*Asks:* 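Input: one structure, supplied below.
What you see is a predicted model; the values in this text were computed from it and never measured. Sequence lines set the chain letters: A, B, ... in the order given, protein chains first and strands last, and positions in each chain run from 1. Any value given below was found using the heavy atoms of this structure, including those in side chains, with hydrogens, waters and symmetry copies removed.
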Amino acid sequence: SPSAQVVHSAGRRFIVSPVPEDRLKEQ
Amino acid sequence: AEDTGVRVELAEEDDGKKASIALKLWVEDHKKLKGKYKESGAIEFSFDLEKDVPEVVAQEMVESGFFHESDVKTVGKSIRDRVALIKWRRARTVSAAA
């Protein structure tokens with residue numbers, strides 16, 4: 001799925017993507 | 001680093017030279033967060049190792065709606081721990097090369 005993006009007013013871009021597959025198993 | 005329930009890792013290879021590095025942050029243990037955490041994905045962002053301050057980036061994440069204000073310290077600490085490790089590794093690589 002396309003990753004969502006949020007750009008903060010200070011200019012930093014936050015890109016949301018699925019948690020890395022191999023880390024999900026650790027949860 | 002203390003397990004805060006929030007994981008921060010490199011999102012790219014660290015060549016030891018670039019000032020800004022891509023980091024990826026995600027929640028591994030929702031129970032450790034005070035506020036309700038709605039985002040289940042990983043949040044990727046760029047961090048300037050010389051200029052940026054972990055707690056400021058954490059506040060930006062709160063203001064961007066990723067976390068509740070009550071978790072800004074936890075998020076800030078998780079970023080600080082990872083940044084400290086990156087800087088430590090860089091210093092160790094430089095001293096090894098010297």
*Asks:* side-chain contact (heavy atoms from CB on, under 4.5 Å) with A:His8: which residues, sequence neighbours excluded?
*Replies:* A:Ala10, A:Phe14, B:Glu60, B:Glu63, B:Ser64

*Asks:* Answer whether the closest heavy-atom distance between the side chains of A:Gln5 and A:Val16 falls below 4.5 Å.
*Replies:* no

*Asks:* Do B:Ile79 and B:Val75 come close enough that some side-chain heavy atom pair is under 4.5 Å?
*Replies:* yes

*Asks:* Give the table of side-chain donor-acceptor pairs shorter than 3.5 Å for residues 41-51 of chain B, with sequence neighbours excluded, one pair per line with atom names and distance.
*Replies:*
{"from": "B:Asp48", "atom 1": "OD1", "to": "B:Glu50", "atom 2": "N", "distance (Å)": "2.8"}
{"from": "B:Asp48", "atom 1": "OD1", "to": "B:Lys51", "atom 2": "N", "distance (Å)": "2.9"}

*Asks:* Does the B:Arg82 side chain pair with the main chain of B:Val8, one donor and one acceptor, at a distance under 3.5 Å?
*Replies:* yes

*Asks:* Does anything in residues 83-93 of chain B get under 4.5 Å of chain A by heavy atoms, and if so which residues?
*Replies:* none

*Asks:* The criterion is salt bridge (charged side-chain N to carboxylate O under 4.0 Å, His left out); which residues satisfy it with B:Glu69, sequence neighbours excluded?
*Replies:* none

